[in-house]
Amino acid sequence: MNGYSTQIKVIGLPILLHSAIVIAATVLSMYIPEQAPAGFVNPLLSPTYPFVEKFIKWDAHWYTYAAQQGYDSQSIVFFPVIILLLRGAGQLGIHVGLGGFIICNLFAVASFAMLYLVLRRDFSAKVVQRALYAYAVMPTSFFLNSIYTESIFLTLSLTCIYFTRQKKWWLAGIFAALAALTRNLGIFLMLFMLYEYIAEYWQQRRPAFSLLAFLLPPLGLLAFMSYNFWRVGSAVAFINGQREWGRQFEYPWVNMWNNIRLVEANFPHVQPGVLLDSFLVAGCLAALLSMSLMRRFDIRISYLIVGWFWFLIPMFSTTAWFPLYSMSRFILVIFPIYVGIGRLPDLCFYGYMILNVVLLSLCTIGFTGWHWLG
């Protein structure tokens, strides 16, 4: 019972800290005039509680619109798990915005619990609690509370990793498939599973029926491609639709340089999300490099494989107006970086916490006031 209480404390305190910061900042934002909506606003979405409406911004309008109206050639770029969850809430008679807010916040709580369960297998209670605190105050962690995929994707991904570590391959494959149907980066969990399988069974050289579980993530993606073809006439509509959003291929170093130039050219009138992208991309790159090259961090290679893929793949995508488009949000789910932060010396860790409490507060106020932050 004492151990269970300790787990509740280790998981619960970071959740309480995160919630206190986000709630306080959101209440404060109610006294600050919002700027005019700069993105798509769902015309089908009826009003709900003012506090909840503060979190229905930017992509949240697209998710609720797709749940109410169904996919079209532009909304098909959004993967289906969150759409289906929102539609399910609507079928139960719950306001789709309120239902989405509740669902994403429940997954946010679950993401803390799963992060604890995954990390506790390899690290001390102190490192794990620090990692949870680092996650709790990440400047873009307010996305966990909005109607976005971050909380859902990370929870499903960590559940896949948890079952993989327990060698429950079919359960791991199911959750990997669900993660891949939440966000395309979930497909790389197949590589994580494969690495862990080889590391476990390579010496024995005994292929097993459970290897078929590794096919579940690509099968999930194939199912979505089939739906794309049925719905809009192209199996890769979710890829082609990115062009309508202005996305195009570019090398990561070019995107980083263009983002720096954009900040320099428009400062101090640059969108806060552009500044945040530069700051968090640099920080994430430094963290991944440090953990990959320095033994003191002692993190599993398979975790670093996931972290690098989740970091690098979005870095090859850009737009003319936001060179590091949404990277500050994508970095939120790269869980290995929280281990690195948790293993920092005390002075560095507490400096990170103080700085990020301030940044999370400011970012929450900005996002709830229709400023673009990822």
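What you are looking at is a predicted structure, and each value in this text was computed from that prediction instead of being measured.
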Should [X] and [Y] be regarded as members of a common hydrophobic cluster, given that ILVMFWY residues are connected when their side-chain heavy atoms come within less than 4.5 Å of each other, either directly or indirectly?
{"X": "L185", "Y": "Y338", "answer": "yes"}
{"X": "Y49", "Y": "I103", "answer": "yes"}
{"X": "F101", "Y": "I23", "answer": "yes"}
{"X": "V41", "Y": "I83", "answer": "yes"}
{"X": "F316", "Y": "F330", "answer": "no"}

* To do: Return the set of residues passing side-chain contact (heavy atoms from CB on, under 4.5 Å) with N356 (not counting sequence neighbours), or none when no residue passes.
  => V137, P139, Y352, L359
Is any side-chain heavy atom of [X] less than 4.5 Å from a side-chain heavy atom of [Y]?
{"X": "M256", "Y": "M315", "value": "yes"}
{"X": "M138", "Y": "I337", "value": "yes"}
{"X": "V333", "Y": "S111", "value": "no"}
{"X": "F349", "Y": "I341", "value": "yes"}
{"X": "L360", "Y": "F142", "value": "yes"}
{"X": "S157", "Y": "L189", "value": "yes"}
{"X": "Y135", "Y": "L154", "value": "yes"}
{"X": "L17", "Y": "M353", "value": "yes"}

For [X] and [Y], take the angle between the two ring planes, folded into 0 to 90°, and tell me which bin it lands in: parallel under 30, tilted 30 to 60, perpendicular over 60.
{"X": "Y251", "Y": "W253", "result": "parallel"}
{"X": "Y303", "Y": "F335", "result": "perpendicular"}
{"X": "F238", "Y": "F224", "result": "tilted"}
{"X": "F112", "Y": "H18", "result": "tilted"}
{"X": "W245", "Y": "F78", "result": "perpendicular"}
{"X": "W370", "Y": "H61", "result": "parallel"}

Can you list every pair that meets side chain to side chain donor-acceptor pair (under 3.5 Å) and has a residue in [range], with sequence neighbours left out?
{"range": "residues 92-107", "answer": "S46-H95, N105-N145"}
{"range": "residues 284-299", "answer": "S292-W308"}
{"range": "residues 72-81", "answer": "D72-S75"}

* Could you check F55 against I147 for side-chain contact (heavy atoms from CB on, under 4.5 Å), going step by step and ending with a plain yes or no? => CA-CA 7 Å; F55 289 91; I147 306 175; over 6 Å; no
Mind checking the [atom1]-[atom2] spacing from [X] to [Y]? Nearest 0.5 Å is all I need.
{"X": "M193", "Y": "K167", "atom1": "CE", "atom2": "NZ", "answer": "13.0 Å"}
{"X": "M114", "Y": "T159", "atom1": "CE", "atom2": "OG1", "answer": "3.5 Å"}
{"X": "L117", "Y": "I161", "atom1": "CG", "atom2": "CD1", "answer": "12.0 Å"}
{"X": "F123", "Y": "Q129", "atom1": "CZ", "atom2": "CD", "answer": "15.5 Å"}
{"X": "L280", "Y": "I331", "atom1": "CG", "atom2": "CD1", "answer": "5.5 Å"}
{"X": "Y195", "Y": "I305", "atom1": "OH", "atom2": "CD1", "answer": "5.5 Å"}

* Asked: Between F107 and L85, does a side-chain contact (heavy atoms from CB on, under 4.5 Å) hold up when you go through it step by step?
  -> CA-CA 12 Å; F107 272 100; L85 289 171; 4.0 Å; yes
Does [X] have more than 12 heavy atoms from other residues, nucleotides or ligands lying within 6.0 Å of its [atom1]?
{"X": "F51", "atom1": "CZ", "result": "yes"}
{"X": "W257", "atom1": "CH2", "result": "no"}
{"X": "Q35", "atom1": "CD", "result": "yes"}
{"X": "R121", "atom1": "CZ", "result": "yes"}
{"X": "L347", "atom1": "CG", "result": "no"}

Give a yes or no on whether the backbone of [Y] and the side-chain of [X] come within a donor-acceptor separation of less than 3.5 Å.
{"X": "N228", "Y": "V236", "result": "no"}
{"X": "T182", "Y": "T149", "result": "no"}
{"X": "S141", "Y": "A136", "result": "yes"}
{"X": "T364", "Y": "V22", "result": "no"}
{"X": "S326", "Y": "G374", "result": "yes"}
{"X": "Y148", "Y": "D59", "result": "yes"}
{"X": "R243", "Y": "G246", "result": "no"}
{"X": "T318", "Y": "Q248", "result": "no"}
{"X": "S29", "Y": "G369", "result": "no"}

is_close_aromatic([X], [Y]), centroid dist under 6.0 Å:
{"X": "W170", "Y": "F163", "answer": "no"}
{"X": "W310", "Y": "F188", "answer": "no"}
{"X": "Y227", "Y": "Y71", "answer": "yes"}
{"X": "F309", "Y": "F192", "answer": "no"}
{"X": "F175", "Y": "Y162", "answer": "no"}

* Asked: Cluster partners of L293, using ILVMFWY side-chain heavy atoms under 4.5 angstrom, listed by chain and number?
  -> none
* Heavy-atom closest contact (S361 atom, A25 atom, distance) -> O-CB, 3.6 Å
* To do: For T164 and E196, test the side chains for any donor-to-acceptor distance below 3.5 angstrom and give the result as yes or no.
  => no
* To do: Taking the six-membered ring of Y325 (Phe, Tyr or Trp), confirm whether the NZ or CZ of R247 is under 6.0 Å from its centre and within 45° of its axis.
  => no
* Take V77 and E244 through the side-chain contact (heavy atoms from CB on, under 4.5 Å) test and state the conclusion after the steps. => CA-CA 10 Å; V77 299; E244 295 186 37; over 6 Å; no
* **Residue list, salt bridge (charged side-chain N to carboxylate O under 4.0 Å, His left out) with R183, at least two apart or on another chain** => E150
* Just do the ring pair (Phe, Tyr, Trp, His ring centres under 6.0 Å) check on F40 and Y65 with the steps written out, would you? => CA-CA 10 Å; F40 170 75; Y65 178 76; 5.3 Å; yes
* Check step by step if side-chain contact (heavy atoms from CB on, under 4.5 Å) holds for D346 and R130. => CA-CA 10 Å; D346 288 352; R130 284 189 168 195; 2.4 Å; yes
